[in-house]
Asker: 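Got a structure for you, questions after.
Just the heavy atoms: all of them, side chains too, but no hydrogens, waters or symmetry mates, feed the values below. Both ligands and their constituent atoms are indexed starting at 1 by order of listing.
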Amino acid sequence: MPAPLMRALPDLPAEARADVRARSGSGCVRCGVTIYSYFALPTLGDNRVSPLGAHGEGATILCPACHLLVEEGRLSPSQVHGFAASPIARQRHFARDRLPFSNETPELLVGGPRLVRDTPVPIAIAGTPLLMFTPPRSGVGAIRISVRLGDADGVLYRIVDANEWLITDGRWRFVQRGDRYVIAPARGDTLLVLRIVKRNRIAVEHLRTRVLDQKIEATPDWIEVDGKRMVDQVASGTLVGLDI
Ligand SMILES: [Zn+2]
């Protein structure tokens with residue numbers, strides 16, 4: 001496999017990350033999606049390498065789909081530099097309604113008709129959150145989404161941490177389709193579909209996973225654990241709405 005064009009920066013310091021996010025409008029610099037990884041800008045044709053600065057100069061954020069376009073050669077390094085210099089989420093015409101831009105804990109549609117409010121963790125397993133939704137740290141930007149799901153063997157994986165896509169080796173896939181974020185492993189039938197219903201309201205349209213030997217499935221209408229259906233069991237106004 002050839003060396004990646006863009007070096008991932010999992011160890012970029014927190015302050016530099018915050019600066020990169022602020023410069024990028026809290027979204028992928030090409031498409032505005034709020035799930036992204038931090039990368040060093042690619043080398044340009046003259047082999048000029050952008051050194052990383054204390055404020056994250058030389059770094060940028062791209063969603064998994066746009067990053068793949070770069071590595072597949074469908075976006076050029078100079079195009080990436082152009083997006084980083086003029087991020088779409090900072091542009092006035094950018095439509096944010098279908099993306100989770102908000103500065104509050106979102107209302108959630110999950111597990112029954114009663115709206116879930118002020119509950120950052122709607123579902124946890126033995127205290128470990130599967131999903132977490134918190135306001136942006138700086139008070140502006142995108143809702144911070146964190147996701148853990150079980151793979152085909154029922155092993156729990158941390159996939160997204162506060163909007164940062166942690167899996168860069170292709171074992172898990174992310175796509176945005178209109179107002180939906182879809183996460184699934186390359187292998188197995190785990191699935192997560194989040195839909196941005198409107199500003200500050202997110203539906204867990206479908207969650208299907210296995211953790212150890214437990215099968216968990218959730219929709220806006222119900223939650224099932226090993227086939228046992230529950231309705232309206234996710235509490236509002238608490239850190240963890242339902243601990244399985
Ligand atoms: Zn993107």
Asker: Would you please classify the geometry between the F39 ring and the H67 ring as parallel, tilted or perpendicular, with 30° and 60° separating the classes?
Answerer: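 Parallel, since the angle between the ring planes stays under 30°.
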
Asker: Before accepting this row, confirm whether a basic side-chain N of the pair E224/K215 lies closer than 4.0 Å to the acidic partner's carboxylate O.
Answerer: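 The answer is no: the pair does not qualify as a salt bridge.
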
Asker: Enumerate the protein N/O/S atoms at a distance below 2.8 Å from the Zn ion (ligand 1), ignoring waters.
Answerer: C28 SG, C31 SG, C63 SG, C66 SG

Asker: Less than 4.0 Å between a side-chain N and a carboxylate O, is that true for E217 and R208?
Answerer: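 Judged by the 4.0 Å cut-off on N to carboxylate O distance, R208 and E217 do not form a salt bridge.
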
Asker: So for atom CZ, which belongs to R96, do other residues, nucleotides or ligands contribute more than 12 heavy atoms lying within a distance under 6.0 Å?
Answerer: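 Enclosed: over 12 neighbouring heavy atoms sit under 6.0 Å from CZ of R96.
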
Asker: Quick one: is the NZ or CZ of R144 closer than 6.0 Å to the six-membered ring centre of F133, and within 45° of its axis?
Answerer: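 So R144 doesn't make the cation-pi contact.
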
Asker: Surrounding CG of D153 (heavy atoms of other residues, nucleotides or ligands, distance under 6.0 Å), is the total greater than 12?
Answerer: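 Result for CG/D153: enclosed.
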
